[in-house]
Amino acid sequence: MFNSARETSTSHSDAETRDASTRERVLAVISEHGPITAADIAHRLGLTATGVRRHLDQLAEDSSVTSRAPHQGKRGRGRPAREWVVADSGHDHLVSEYDELASEVMRFLRAQGGVDAVRAFADERVAGLEERVRERLDAAGEDPHARTQALVEALRLEGYAASARPVGEDSSVGVQLCQGHCPVQHVATEFPELCEAETDAFSRLLGVHVQRLATLAQGNHVCTTFVPTPGARPNTERSTR
């Protein structure tokens, strides 16, 4: 009898652990690929749509994700499926525990050396990223699509949950480089110099003038950087950080 009770308790504990692990995977997929439907999440993870919706309900109850109507232009038969994105609380789960310490260090740096010191640090930090990823990009050749994809793969290794999406038919206008998670998101909210330095680094790495259209630090659900393709007319207006 007692053994049966212990076995039942252990079984429930194991199931809860598996559920928590699956929810983390669902959250990670939304972070990288959102906005995304439940059906697409299920396909990527090899799960049933019903199972994914159960995890989405739990994540939504925890305010980790939120759903919204699909983008205009996405049409199909029947009622369009809602798309899921990571909410503020969800980003908190993906954030390093050292965020507050990093913010304190940055505030001290700003107090001691001013904004120029902060930007100098941001440039130095991103220089390390450039050094780590440049070989991968150079191996991709001169084609901006290939270089962008190489940058996406490199950023994933750096923890940025990156992806690339075409703009225009077959990327005829350009490519959107998206980052669904940023390791320094909360610090960059107070210190946009980190975003500025990263954007400049992307331009140097890709060999074209890129534009930062949205950032997680500004409260958007994803960082979006527009990468123009050869022959496309880039927008010359000042981009947002």
Side-chain angles (χ1 to χ4, degrees), residues 8-96 145-146 148-171 174-183 185-186 213-216 219-227:
T8 300
S9 176
T10 300
S11 177
H12 284 315
S13 177
D14 289 345
E16 290 174 358
T17 299
R18 287 194 299 271
D19 280 350
S21 176
T22 302
R23 278 194 295 276
E24 289 178 2
R25 292 168 61 204
V26 170
L27 182 62
V29 167
I30 297 172
S31 172
E32 181 172 345
H33 300 285
I36 187 172
T37 66
D40 287 339
I41 296 171
H43 177 73
R44 289 181 179 275
L45 294 179
L47 302 173
T48 66
T50 300
V52 166
R53 290 190 182 96
R54 179 170 63 85
H55 291 297
L56 287 172
D57 288 342
Q58 182 63 56
L59 288 167
E61 185 177 336
D62 295 340
S63 300
S64 295
V65 300
T66 185
S67 65
R68 67 182 201 183
H71 286 150
Q72 292 184 354
K74 291 188 177 180
R75 299 179 180 275
R77 293 184 177 181
R79 185 177 179 180
R82 296 188 66 80
E83 296 175 329
W84 294 86
V85 297
V86 179
D88 288 343
S89 179
H91 285 299
D92 290 340
H93 291 305
L94 298 166
V95 170
S96 165
H145 298 89
T148 301
Q149 188 56 48
L151 180 57
V152 165
E153 294 169 359
L155 289 174
R156 285 175 179 171
L157 295 176
E158 296 282 333
Y160 285 81
S163 62
R165 303 174 184 180
V167 179
E169 187 175 354
D170 298 325
S171 304
V175 179
Q176 280 190 352
L177 172 60
C178 301
Q179 295 158 261
H181 172 58
C182 172
Q185 172 192 343
H186 286 67
L213 304 178
T215 66
L216 288 160
N220 296 285
H221 74 272
V222 65
C223 291
T224 306
T225 304
F226 175 71
V227 182

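Source: prediction; values computed, not measured.
Scanning all heavy atoms of the two residues, the minimum distance from Val175 to Val167 falls at C-CG2, 4.1 Å. Nearest heavy-atom pair, Val26 versus His55, reported as atom, atom and distance to 0.1 Å: CG2-CB, 4.3 Å. Of all heavy-atom pairs spanning Val52 and Ala38, the tightest one is CG1-O, 3.8 Å.
Rounding to the nearest 0.5 angstrom, the gap separating the CG atom in Leu59 from the CZ atom in Arg54 is 11.0 Å. Taking OG1 of Thr66 as the reference point, atom CD of Glu83 lies at 12.0 Å (rounded to 0.5 Å). Remark: Leu155 CG to Cys178 SG distance equals 11.5 Å, nearest 0.5 Å. Taken from CZ in Arg165 to CZ in Phe226, the straight-line distance is 15.0 Å, to the nearest 0.5 Å. A distance of 11.0 Å separates NE2 of His221 from CD1 of Ile30, quoted to the nearest 0.5 Å.
Remark: side-chain polar atoms of Asn220 are not paired, donor with acceptor, to backbone N or O of Ala214 under 3.5 angstrom.
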Does the side-chain contact (heavy atoms from CB on, under 4.5 Å) test come out yes or no for Leu56 and Ile41, once each step is laid out? CA-CA 10 Å; Leu56 287 172; Ile41 296 171; 4.2 Å; yes

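Considering Leu216, Leu213, Leu177 in turn, Leu216 is the only one that fulfils the side-chain contact (heavy atoms from CB on, under 4.5 Å) rule with Cys223.
Side-chain atoms of Gln149 and Val152, non-hydrogen and from C-beta on, do get closer than 4.5 Å to each other.
Sorted by first then second residue, the salt bridge (charged side-chain N to carboxylate O under 4.0 Å, His left out) pairs that include residues 153-164, not counting sequence neighbours, are Glu32-Arg156, Arg132-Glu158, Arg136-Glu153.
Qualifying side chain to side chain donor-acceptor pair (under 3.5 Å) partners for Thr225, counting only residues two or more places apart in sequence or in other chains: Arg212. Partners of Thr37 according to the side chain to side chain donor-acceptor pair (under 3.5 Å) rule, which considers only residues two or more places apart in sequence or in another chain, are Asp40.
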